[in-house]
Every structure is written in structure tokens, then in C-alpha cells.
Amino acid sequence: MTHRNLVVLTGAGISAESGVPTFRADDGLWCGHRVEDVATPQGYAADPALVQDFYNQRRRQLAEVRPNAAHRALADLAARWEGDFLLVTQNVDDLHDRAHAQTPPGAGFELIHMHGELLKARCTRSGVVMDWAGDMAADQASPHHPQGLMRPHIVWFGEMPLEMERIEAALEACDLFVSIGTSGAVYPAAGFVQSARYAGARTVEINLEPTQGARLFDEGVYGPATQAVPGFFDGL
Ligand code: BV8
């Protein structure tokens, strides 16, 4: 069966073999922090220095990691895919961006970072988003508003993910939905498989092991992403 309109959702598991830690380690902590202390507007308001340092550490780490075979397999697929292909990532690293930069220009690859990006910052007053590669101070003045501060351009818990209308439109039109390296613990991303099923799409979960939402998928492909992802898409 040939597919025309593909939506791929990725999570932290696709970057794990590049050395980027996933979120839900066994101790439930995230790099030693409680999620609510570092990934909520309340946590930022309570201790902006702690939150900025948490993101400064992760932004610095990007220099030490590289895209892996799973990121590259998706970029190669985009270069040869003839229909629509939307890649939605929950990840805030730039590994998909870097893998795609190595493919021919104009390849059919739309990428949405629905939870924001480590390499971008946002003015708290004007909402203007700008590239940001270095550290950010707790009281980082904004060049866009006299009373504004710069915060990470990251979607925290309780905040609306980005580009939801584009994502929902693509899910309604897709005939193949592939979820890669995500535990299915966070909404609305965890609900995308239901939208794809409702649209009549074939749904596939690719993960290290079956997730809590595995039964929602038509098929499961299990193993490390650097093997399972190329294996699945090479055969497509
Ligand atoms: C919103 C940015 C509404 C931060 C992130 C009760 C029930 C249902 C929902 C809720 C509820 N209470 C609250 C909610 C909503 C909440 C939510 O879902 N909470 C959960 C915890 C219950 N969601 C929100 O708040 C969202 N916003 O709902 O807004 C709204 C409406 C109107 C107006 C305003 C607001 C916003 C959620 C976004 C939060 N931000 N990230 C940052 O990154 O610093 S979420 C964070 O979790 C990351 O983005 C991450 O990507 C995401 C999901 O985690 P995963 O990627 O899945 O990572 P995880 O570690 O969990 O899993 C990794 C998987 O990989 C595992 O399955 C593992 O087996 C696998 N793996 C590991 N190694 C490999 C591998 N697979 C393959 N190969 C390997 N080598």
C-alpha cells in the first residue's frame, strides 16, 4: 500500500542514543529536578535563576551531541517522499533541524517543534521570539520591550503547545501516522494517534518497548530508534 500523507511524531527517545537524556527516568526526576520546579510558569516565577540554569545546561549540551541514524533516516525519507510529510517533535533539541540541513534543499520536510526550542528565546512582554544560542540570565533584559525579560521559548506544562492548528489539519488528512520514541504521557501529543485513527490512517508506534498507549496503534516496532526507524522507513 503506498501512502501519501505522512505525519511523524517524535519524543525524547529518538534523541536518547545521541546522548540527550529522556524525561521519565526511573527516579521520576528530570536531570535531578521535579518537572513542576523547572518546566512550569509557576516554577519560573518562583525561581527564575533555577529555571534559566536548567535550560542553560541543556542548551550548552547541544554542542556535545549529534543527530543519530534515526534523525538521518527521517531526513532522507523527506528527500524522497512524494506526498505531504509533517514531522512534529516534542523535543526542544535541534537534532532534527541539523539532520535536515544535510539533505538537498527543497526536500518535502515540514518540521514543527510543538514544545518550543532550546535555541530560541521569547520576550515575556512582546512575545517576540528570537534565536538564542548562549546562556540566559534570570533578569535577562529584552531588546523588544522596556519591561520585558527574555525567557526560554519552551512550552511549559499548562501552556498551549505551538502550531496546534497546523498539526490537527495534517492529522485529519494523513493516511500514515508514526509515533517514535515517546512514552505517550503528555497531552495533547499523546492524543494525536486517536486523531489519526479517526481520519482512517494506519498508525505505527516505534519505541524501545511498548508504551502505555501501545494498544491504540495498529502496529508496533520495538527496539533502539537507530535500528528500528531506518528499518521501518527503508521498507516503506
Ligand atoms: C496543555 C518542554 C492546555 C519542556 C514539555 C491530566 C490528564 C491529561 C493531561 C493533563 C492532566 N493534567 C495536565 C494535563 C496537561 C499536560 C499533561 O499532559 N500533563 C501530563 C504530565 C499528564 N499538558 C500540558 O500542560 C500541555 N499544555 O495541555 O495546554 C492549554 C489549553 C488552553 C490554554 C493554555 C493551555 C503542555 C505540555 C508540554 C510540556 N512541555 N517539554 C522541556 O522540554 O524543557 S513536555 C516534555 O515531555 C518534553 O517535551 C517531552 O518530549 C515530552 C514527552 O516526553 P517524551 O518525549 O515521551 O519522553 P519520555 O522520557 O516520557 O519517553 C521517552 C520514550 O522513549 C520512552 O517511551 C522510552 O521507552 C523511549 N526510548 C528511550 N530510549 C529509546 C527509546 N525509544 C527508542 N530508542 C531509544 N534508544
Side-chain angles (χ1 to χ4, degrees), residues 8-44 50-59 61-62 65 67-71 73-74 87-96 112-122 136 151-165 167-168 178-194 204-214 216-217 220-233:
V8 172
L9 170 69
T10 64
I14 200 169
S15 295
E17 290 164 87
S18 293
V20 180
T22 60
F23 290 84
R24 286 158 190 87
D26 297 343
D27 62 5
L29 289 182
W30 184 7
C31 304
H33 294 285
R34 295 181 327 136
V35 166
E36 52 272 29
D37 291 341
V38 290
T40 60
Q42 296 78 8
Y44 172 66
L50 171 75
V51 174
Q52 290 286 22
D53 180 58
F54 174 65
Y55 287 98
N56 288 342
Q57 302 287 344
R58 292 170 67 196
R59 198 175 296 111
Q61 196 216 20
L62 292 179
V65 297
N68 63 49
H71 298 103
L74 291 176
L87 173 53
V88 183
T89 187
Q90 299 172 88
N91 301 339
V92 295
D93 62 55
D94 64 335
L95 296 178
H96 282 305
I112 291 178
H113 282 272
M114 68 177 289
H115 291 162
E117 298 175 65
L118 275 174
L119 292 176
K120 286 193 166 56
R122 184 165 80 230
M136 214 179 291
R151 58 162 276 186
H153 182 50
I154 297 283
V155 177
W156 287 326
F157 288 94
E159 295 184 323
M160 178 61 88
L162 307 172
E163 303 272 11
M164 283 304 295
E165 284 182 17
I167 295 169
E168 284 155 0
V178 183
S179 175
I180 302 171
T182 178
S183 61
V186 174
Y187 288 82
F192 290 172
V193 58
Q194 279 111 322
V204 183
E205 171 179 79
I206 301 178
N207 202 64
L208 193 60
E209 69 234 343
T211 67
Q212 59 193 16
L216 298 172
F217 290 85
V221 177
Y222 299 109
T226 54
Q227 297 163 30
V229 175
F232 177 79
F233 287 103

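Residue numbers run from 1 in the order of the sequence given. One-based numbering, in listed order, for ligands and for the atoms of each.
Distances from atom 4 (C) of ligand 1 to the heavy atoms of Thr10, Thr226, Ile154 show the closest one on Ile154. For atom 8 (C) of ligand 1, the nearest non-hydrogen atom from the set Tyr222, Tyr187, Phe54 comes from Tyr187. Nearest to atom 67 (O) of ligand 1 by heavy-atom distance, out of Asn207, Val186, Val155, Thr40, is Asn207.
Geometrically, ligand 1 and Trp156 share no nitrogen or oxygen pair separated by less than 3.5 Å. At least one N/O-N/O distance between Gly158 and ligand 1 falls below 3.5 Å. Ligand 1 has an N or O atom lying under 3.5 Å from an N or O atom of Ala225, backbone or side chain. Distances between N or O atoms of Gly11 and those of ligand 1 include no value under 3.5 Å.
Ligand-side atoms of ligand 1 in range of Ala16: 73 (N), range being under 4.0 angstrom from any heavy atom. Near Gly181, with a cut-off below 4.0 Å to any heavy atom, the atoms of ligand 1 are 63 (C), 64 (C), 65 (O), 76 (N). Near Glu159, meaning under 4.0 Å from any of its heavy atoms, are these atoms of ligand 1: 1 (C), 26 (C), 27 (N), 29 (O), 35 (C), 36 (C). Listed by number with element, the atoms of ligand 1 under 4.0 angstrom from any heavy atom of Val92 are 43 (O). Within ligand 1, counting atoms from 1 as listed, the ones closer than 4.0 Å to a heavy atom of Pro161 are 27 (N). Which parts of ligand 1 touch Pro224 is read off a 4.0 Å heavy-atom cut-off, strictly below it: atoms 78 (N). With ligand atoms numbered from 1 in the order given, ligand 1 contributes 69 (O) to contacts under 4.0 Å with heavy atoms of Glu209. The atoms of ligand 1 that sit less than 4.0 Å from any heavy atom of Glu17 are 78 (N), 79 (C), 80 (N).
Residues passing the side chain to side chain donor-acceptor pair (under 3.5 Å) test with Asn68 are Ser18, His71, sequence neighbours excluded.
Across all non-hydrogen atoms, the minimal contact from Val155 to Met160 is CG1-O, 3.7 Å. Between Val20 and Leu95, the shortest heavy-atom contact is CG2-CD1, 4.1 Å. Residue Leu118 comes nearest to Arg58 through the heavy atom pair CD1-O, 3.6 Å, listed as atom of the first residue, atom of the second, then distance.
Residues Asn207 and Phe217 have side chains not in contact (no heavy-atom distance under 4.5 Å, counting atoms from C-beta outward). At a threshold of 4.5 Å between non-hydrogen side-chain atoms, the residues Phe54 and His33 count as touching. Residues Leu162 and His113 fail the side-chain proximity criterion, which asks for heavy atoms closer than 4.5 Å. Pro21 is listed as a side-chain neighbour of Gln61, based on a closest heavy-atom distance under 4.5 Å.
Formation of a donor-acceptor pair under 3.5 Å by the Asp37 side chain with backbone atoms of Gly43 is not found in this model.
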Could you pull out all donor-acceptor pairs under 3.5 Å where a side-chain atom in residues 221-232 meets a protein atom, sequence neighbours excluded?
from: Tyr222; atom 1: OH; to: Glu205; atom 2: OE1; distance (Å): 2.5
from: Thr226; atom 1: OG1; to: Glu17; atom 2: OE1; distance (Å): 2.4

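Look at Arg58 and you'll find a heavy atom under 4.0 Å from some atom of ligand 1.
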